[in-house]
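Below: the structure, in structure tokens.
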Amino acid sequence: MNTNVLVLSTGTRNKVIQYFKRALTDENGSRIGKVIATDMSELAPAVYEADKFYKVPRMTEDGYIDVILDICKKENVTGVCSLIDPELSLLAEYSQEFENIGVTVIGSSYEICESCLDKWKMFCWLERHQYPCAKTYIDKEIFYRDLDMGKIQFPVFVKPVKGSASLSISKVYTRELLDALLDSSDSELMIQEYLQGQEIGVDCYIDMISKEVVSLFCKKKIVMRAGETDKAVSFKDEQLFQLVTKFAMEFGFCGQIDIDIFEADGTYYISEVNPRFGGGYPHAYECGANHMNLIVNNLNGIANKPSIGQYAEGIYMMKYNEVMIKNGE
Ligand SMILES: Nc1ncnc2c1ncn2[C@@H]1O[C@H](COP(=O)(O)OP(=O)(O)O)[C@@H](O)[C@H]1O
Ligand SMILES: [Mg+2]
């Protein structure tokens, strides 16, 4: 039987679609499944990489999930995933409906997706489970109390509790500026210890059958631009492998996740998790961390064996622009 993968909100993630197509091609070059893409815009370039494209309503519109379920039935879809954060919880919420028609939601549970969207919740979990993380405050009074007691110092890092794409983040040096920021913001902000160190990204796959971490890829971020990693280099460290493996399994993730970590003075601080393919995933794939194959195995009922650190190190990734040209006739 064919394995058909539906990728939602594909946007500009062309390579993710190409990699899925490769994973659904056998040794003789014959296709063993289709990749179907959706987006709310027909000007999302990645949809033209797919075997089939459906233009769908905005995910917040009534009836959206029924449109997706209908596509699954019509195309005999085996597994579905999304590439954008707000849609992860929605898919998880309806995972039973998908399962009823034989479709696996490639992703974590509803509670876990929601915890990842809420950076305060994530901090509370990390602290409770004694993982190194940046000291974080949501209550200004408690922050000032700790500041007076010397438990935290300026500069601090201020960011929205439910932020994304590095929007509305600031490094704050003074009480006056902090007060002004907190008073003028229309979204809930949190105050965090400023972490000075090497930023790291980890692409991790948690087997959907065994629930074990089966693949990890670590990179040092060299240049960041507009909230994305622009240049990075792969590396390996057994201590980091162990930390991430323990964390991912204890938190209960499932499928693909992307973790932000800081390294300072030999300690790895866990910062945030996006439980999906991150924008920098092509770096992992090109170095040998082929998570599309792991997904296809899982969709076929095969559990993957752990294979940690089987990738090339010292490999650099540099992003650049590409264009797609289409005739609109
Ligand atoms: N505590 C911190 N200290 C210093 N820099 C930080 C801190 N937290 C986040 N950053 C920087 O801000 C960026 C965005 O923050 P992050 O928590 O990853 O939110 P998101 O990616 O959802 O916007 C990070 O990639 C990192 O460069
Ligand atoms: Mg981030």
Side-chain angles (χ1 to χ4, degrees), residues 9 11 13 82-89 108 112-127 131-138 140 142-143 146-147 151-174 177-178 181-182 185-204 217-233 244 247-248 251 253 256-265 267-281 283-284 317 319:
S9 304
R13 312 284 296 279
S82 170
L83 300 181
I84 59 166
D85 289 327
E87 200 164 38
L88 303 173
S89 299
S108 296
I112 284 179
C113 294
E114 287 290 296
S115 304
C116 293
L117 286 178
D118 187 321
K119 294 182 169 66
W120 172 247
K121 263 193 190 165
M122 180 54 85
F123 163 73
C124 294
W125 189 96
L126 290 168
E127 196 179 47
Y131 284 90
C133 57
K135 207 179 280 174
T136 303
Y137 301 85
I138 206 164
K140 191 169 86 169
I142 297 178
F143 168 72
D146 276 10
L147 186 70
K151 287 188 182 169
I152 185 149
Q153 292 84 31
F154 280 113
V156 289
F157 201 78
V158 178
K159 59 185 173 185
V161 171
K162 295 194 173 168
S164 67
S166 291
L167 298 171
S168 312
I169 57 171
S170 344
K171 184 176 182 180
V172 178
Y173 288 85
T174 64
L177 198 60
L178 181 62
L181 245 161
L182 296 177
S185 171
D186 41 19
S187 60
E188 195 179 13
L189 297 179
M190 60 191 213
I191 309 161
Q192 197 161 65
E193 169 187 0
Y194 188 85
L195 292 175
Q196 194 116 38
Q198 174 66 55
E199 290 190 52
I200 289 163
V202 180
D203 296 281
C204 175
F217 173 81
C218 306
K219 62 181 176 240
K220 289 182 183 162
K221 300 180 183 179
I222 301 168
V223 178
M224 306 278 291
R225 192 160 56 104
E228 283 203 21
T229 308
D230 201 46
K231 300 179 196 300
V233 60
V244 170
F247 164 65
F251 205 91
F253 289 108
Q256 178 71 25
I257 66 171
D258 169 26
I259 314 174
D260 287 344
I261 293 173
F262 281 81
E263 188 270 320
D265 305 323
T267 301
Y268 290 113
Y269 295 83
I270 298 178
S271 181
E272 70 144 357
V273 182
N274 294 125
R276 56 168 168 77
F277 281 105
Y281 173 71
H283 191 186
M317 181 278 298
K319 275 198 188 148

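Atoms within a ligand are numbered from 1 in the order they appear, just like the ligands themselves. Throughout, residue positions are numbered sequentially from 1 according to the sequence presented.
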Check each heavy atom of K119 against ligand 1 and say whether those closer than 4.0 Å belong to the side chain, the backbone, both or neither. side chain
Can you tell me if G227 has a non-hydrogen atom under 4.0 Å from ligand 1? no
Quick check: do Q256 and D203 have side-chain heavy atoms less than 4.5 Å from each other? yes
Is there at least one pair of N or O atoms, one from F157 and one from ligand 1, spaced under 3.5 Å apart? no
Do me a favour and list the nearest non-hydrogen protein atom to atom 20 (P) of ligand 1 with residue, atom name and distance? E272 OE2, 3.4 Å
Pull out every atom of ligand 1 sitting under 4.0 Å from any heavy atom of M224, numbered as shown with elements. 25 (O)
Hey, does the side chain of K319 reach the backbone of T229 with a donor-acceptor pair shorter than 3.5 angstrom? yes
With heavy-atom distances below 4.5 Å as the criterion, would you say the side chains of V156 and L147 are in contact? no
Regarding atom 8 (N) of ligand 1: of the candidates K171, K159, M190, which has the closest heavy atom? K159
Subset of ligand 1 atoms that lie under 4.0 Å from at least one heavy atom of G163: 22 (O)
When every non-hydrogen atom of S89 is compared with those of L117, the smallest separation belongs to OG-CD1, 4.0 Å
For the atoms OE2 of E272 and OD2 of D260, give the angle they form at the Mg ion (ligand 2), rounded to 10 degrees. 90°
What are the two closest heavy atoms between L181 and S170, and how far apart are they? CD1-OG, 3.7 Å
Any side-chain donor paired with an acceptor under 3.5 Å for Y173 and K171? yes
Checking a contact table here: which protein heavy atom is nearest atom 13 (C) of ligand 1, and how many Å away? S166 OG, 3.6 Å
Quick one: does Y131's side chain get under 4.5 Å of Y268's, heavy atoms only? no
Side-chain heavy atoms of T136 within contact of W120, under 4.5 Å: yes
Checking heavy-atom distances from atom 24 (C) of ligand 1 to each of E193, E199, K221, the winner is E199
Once the angle between the rings of F247 and F251 is folded into 0 to 90°, is it parallel (under 30°), tilted (30 to 60°) or perpendicular (over 60°)? tilted
By number and element, which atoms of ligand 1 are closer than 4.0 Å to a non-hydrogen atom of Q192? 1 (N), 2 (C), 7 (C), 8 (N)
Among D260, L195, L117, which one has a heavy atom closest to atom 4 (C) of ligand 1? L195
A student checking ligand 1 against I169 at a 4.0 Å heavy-atom cut-off should list atoms 12 (O)
